[in-house]
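Worksheet for the structure shown next.
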Amino acid sequence: MKETINCEICPRRCQGERTISASPGAGEGVCRMGLLPVLARAAAHFGEEPCISGTRGSGAVFFSGCPLGCVYCQNDVISRGCFGETISVARLREIFFELAGEGVHNINLVTPTHFAEAIGEALAEPLLLPVVYNTSGYERVETLRRLEGKIQIYLPDFKYATSDLALRYSRAGNYPEAAEQAILEMFRQVGRYQLDENGLLKSGVLIRHLVLPGNVDNTMRVIDWLCAHFQPGDVLFSLMGQYTPCGNLSGCPELRRTLSVEEYAAAEEYLWASGWEDGYVQDLTSACVDFIPSFDLTGVLHK
């Protein structure tokens with residue numbers, strides 16, 4: 001791994017100087033991270049879609065920091081607060097094997113984008129389990145191509161279909177274009193989704209979309225894009241209703257509430273009317289802080 005880079009890993013291409021020695025939150029890039037991975041938790045996680053969590057859980061590795069920085073982030077303490085422990089690439093790979101030894105169904109890299117270089121090194125030799133790249137969708141195609149063959153399952157968000165919402169909520173007006181190109185590249189790499197005999201995802205793309213209060217029109221545009229670019233059997237789609245007010249929402253008062261029953265019903269109805277059947281919908285009872293993991297360094301340090 002290089003000692004220093006002027007970072008262009010994510011679509012912000014901020015050119016911030018990132019070094020191996022930078023402390024969490026003290027880096028010069030938008031993500032405020034150095035080059036070595038920073039983790040807040042590594043443990044079996046049961047909050048993903050059934051084809052990811054299964055019965056034994058997904059081996060979720062939560063990376064700290066984030067290049068996107070949504071105002072409503074549920075993981076604010078690690079994405080903006082940068083809480084976590086810096087580890088080596090060798091330790092990251094050890095964690096993968098420790099999780100596998102606990103019986104998880106896959107290794108789930110949560111918010112991995114800004115550590116893509118370290119992750120690529122840690123996956124230089126293939127694992128025996130599928131690797132899940134669990135991302136905001138704000139990715140550069142060039143970065144994804146450097147991971148080709150090392151990721152079996154892509155789990156991207158598609159948050160915004162319009163640049164005005166992306167700018168308002170994530171300060172990233174280029175999000176729609178970046179996410180569209182990224183998702184198409186992910187599909188090119190791993191192809192149509194494949195489930196095993198137990199209904200677990202072996203490979204493929206599962207696109208997530210979180211319905212935001214007052215923004216059902218945005219959801220409908222995302223569904224339109226999905227149907228225009230994929231055929232049944234190509235990708236899975238997860239329509240999420242778990243939005244919970246988190247973070248500093250002083251500038252976005254419309255986000256200070258959960259979804260109404262009517263809003264999620266309208267989104268769900270639009271999805272069914274589109275004819276899309278591959279994937280998941282969510283119960284509104286998921287809109288609860290109880291589903292946010294405890295970021296307490298579980299599984300991060302040497303045992």
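Position 1 is the first residue of the sequence, and the numbers go up from there. These numbers come from the heavy atoms of this one structure, side chains and all, not from hydrogens, waters or symmetry mates.
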Assess whether salt bridge (Lys or Arg N to Asp or Glu O under 4.0 Å) is satisfied between Arg145 and Glu185, documenting all intermediate values. CA-CA 8 Å; Arg145 285 181 179 161; Glu185 170 62 19; 3.4 Å; yes
Side chain to side chain contact (heavy atoms under 4.5 Å, CB included) assessment of Asp76 paired with Cys246: CA-CA 8 Å; Asp76 185 71; Cys246 292; 5.7 Å; no
Apply side chain to side chain contact (heavy atoms under 4.5 Å, CB included) to Ile153 and Val190, showing your working. CA-CA 7 Å; Ile153 298 168; Val190 297; over 6 Å; no
Please examine the side chains of [Y] and [X], heavy atoms only from C-beta on, and report whether any two atoms are closer than 4.5 Å.
{"X": "Met240", "Y": "Leu259", "answer": "no"}
{"X": "Thr219", "Y": "Leu210", "answer": "no"}
{"X": "Cys82", "Y": "Val38", "answer": "no"}
{"X": "Asn218", "Y": "His209", "answer": "yes"}
{"X": "Tyr193", "Y": "Ser203", "answer": "no"}
{"X": "Ser64", "Y": "Leu39", "answer": "no"}
{"X": "Phe158", "Y": "Ile183", "answer": "yes"}
{"X": "Val61", "Y": "Asn108", "answer": "no"}

Should [X] and [Y] be regarded as members of a common hydrophobic cluster, given that ILVMFWY residues are connected when their side-chain heavy atoms come within less than 4.5 Å of each other, either directly or indirectly?
{"X": "Leu184", "Y": "Val222", "result": "yes"}
{"X": "Tyr133", "Y": "Leu201", "result": "no"}
{"X": "Ile87", "Y": "Leu301", "result": "yes"}
{"X": "Val89", "Y": "Ile151", "result": "no"}
{"X": "Phe115", "Y": "Leu109", "result": "yes"}

Quick one: pull up [atom1] in [X] and [atom2] in [Y] and give me the separation to the nearest 0.5 Å.
{"X": "Leu255", "Y": "Asn215", "atom1": "CG", "atom2": "CG", "answer": "7.0 Å"}
{"X": "Ile207", "Y": "His229", "atom1": "CD1", "atom2": "NE2", "answer": "10.5 Å"}
{"X": "Asn106", "Y": "Lys202", "atom1": "CG", "atom2": "NZ", "answer": "14.0 Å"}
{"X": "Glu17", "Y": "Cys7", "atom1": "CD", "atom2": "SG", "answer": "11.5 Å"}
{"X": "Glu277", "Y": "Leu271", "atom1": "CD", "atom2": "CG", "answer": "9.5 Å"}
{"X": "His45", "Y": "Ser58", "atom1": "NE2", "atom2": "OG", "answer": "7.5 Å"}

Under 3.5 Å, is there a donor-acceptor pair between the side chain of [X] and the main chain of [Y]?
{"X": "Glu49", "Y": "Ser238", "result": "no"}
{"X": "Arg12", "Y": "Leu68", "result": "yes"}
{"X": "Arg32", "Y": "Gly65", "result": "no"}
{"X": "Arg168", "Y": "Gly251", "result": "yes"}
{"X": "Asn198", "Y": "Leu200", "result": "no"}
{"X": "His114", "Y": "Cys31", "result": "no"}
{"X": "Arg140", "Y": "Glu8", "result": "yes"}
{"X": "Thr143", "Y": "Ile9", "result": "yes"}
{"X": "Asn75", "Y": "Ser79", "result": "no"}
{"X": "Thr135", "Y": "Gly137", "result": "yes"}

Under 3.5 Å, is there a donor on one side chain and an acceptor on the other for Asp217 and Tyr270?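 No donor-acceptor contact under 3.5 Å links the two side chains.
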Return yes if a side-chain donor-acceptor contact under 3.5 Å exists between Thr113 and Glu139, otherwise no.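 Glu139 and Thr113 do have a side-chain donor-acceptor pair below 3.5 Å.
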Check the pair Tyr169, Asp164 against side-chain hydrogen bond (donor to acceptor under 3.5 Å, both in side chains), reporting the backbone distance first and the verdict last. CA-CA 9 Å; Tyr169 296 148; Asp164 57 340; over 6 Å; no
Phe83/Phe295 under ring-ring contact (aromatic ring centres under 6.0 Å, His included): CA gap, chis, key distance, verdict: CA-CA 8 Å; Phe83 171 77; Phe295 299 117; 8.1 Å; no
So, for [X] and [Y], which heavy atoms are closest and what is the spacing to 0.1 Å?
{"X": "Asn174", "Y": "Pro11", "answer": "ND2-O, 3.6 Å"}
{"X": "Pro213", "Y": "Arg257", "answer": "CG-O, 3.2 Å"}
{"X": "Val216", "Y": "Ala267", "answer": "CG1-N, 4.2 Å"}

Counterpart residues, side-chain contact (heavy atoms from CB on, under 4.5 Å), relative to Ser88 (two or more places apart):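 Partners of Ser88 under the side-chain contact (heavy atoms from CB on, under 4.5 Å) test: Ala90, Arg91.
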What do the steps show when you test Ser250 against Asn248 for side-chain hydrogen bond (donor to acceptor under 3.5 Å, both in side chains), and what is the final call? CA-CA 6 Å; Ser250 58; Asn248 181 3; 2.9 Å; yes
Any Lys/Arg nitrogen of [X] or [Y] sitting under 4.0 Å from an Asp/Glu carboxylate oxygen of the other?
{"X": "Arg18", "Y": "Glu3", "result": "no"}
{"X": "Arg192", "Y": "Asp234", "result": "yes"}
{"X": "Arg56", "Y": "Glu102", "result": "no"}

Mind running salt bridge (Lys or Arg N to Asp or Glu O under 4.0 Å) on Arg208 and Glu48 for me, showing each step along the way? CA-CA 11 Å; Arg208 287 172 162 171; Glu48 313 289 23; 2.3 Å; yes
Return each pair, listed once, that meets salt bridge (Lys or Arg N to Asp or Glu O under 4.0 Å) where at least one residue sits in residues 108-127; pairs must be two or more places apart or across chains.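 Checked against salt bridge (Lys or Arg N to Asp or Glu O under 4.0 Å) - neighbours excluded - the pairs reaching residues 108-127 are Glu117-Arg146.
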side-chain hydrogen bond (donor to acceptor under 3.5 Å, both in side chains) between His105 and Ser53: does it pass, once the steps are laid out? CA-CA 7 Å; His105 295 295; Ser53 290; over 6 Å; no
Qualifying side chain to side chain donor-acceptor pair (under 3.5 Å) pairs, either residue in residues 148-158, two or more places apart: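 Residue pairs passing side chain to side chain donor-acceptor pair (under 3.5 Å), neighbours aside: Glu148-Arg188, Tyr154-Gln189, Asp157-Lys159.
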Could you check, using the six-membered ring where one of them is a Trp, whether Phe230 and Phe187 have ring centers closer than 6.0 angstrom?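 Distance test on ring centres: under 6.0 Å, yes.
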For a side chain to side chain contact (heavy atoms under 4.5 Å, CB included) with Phe63, tell me which candidate from Leu92, Asn134, Val110 qualifies.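 Only one of Leu92, Asn134, Val110 forms a side chain to side chain contact (heavy atoms under 4.5 Å, CB included) with Phe63, namely Leu92.
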List the steps and the verdict of ring-ring contact (aromatic ring centres under 6.0 Å, His included) for Phe237 and Trp276. CA-CA 8 Å; Phe237 182 70; Trp276 194 269; 7.2 Å; no
Just to verify, which of Tyr175, Tyr72, Tyr160 counts as forming a side chain to side chain donor-acceptor pair (under 3.5 Å) with Ser170?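 Output: one option passes, namely Tyr160.
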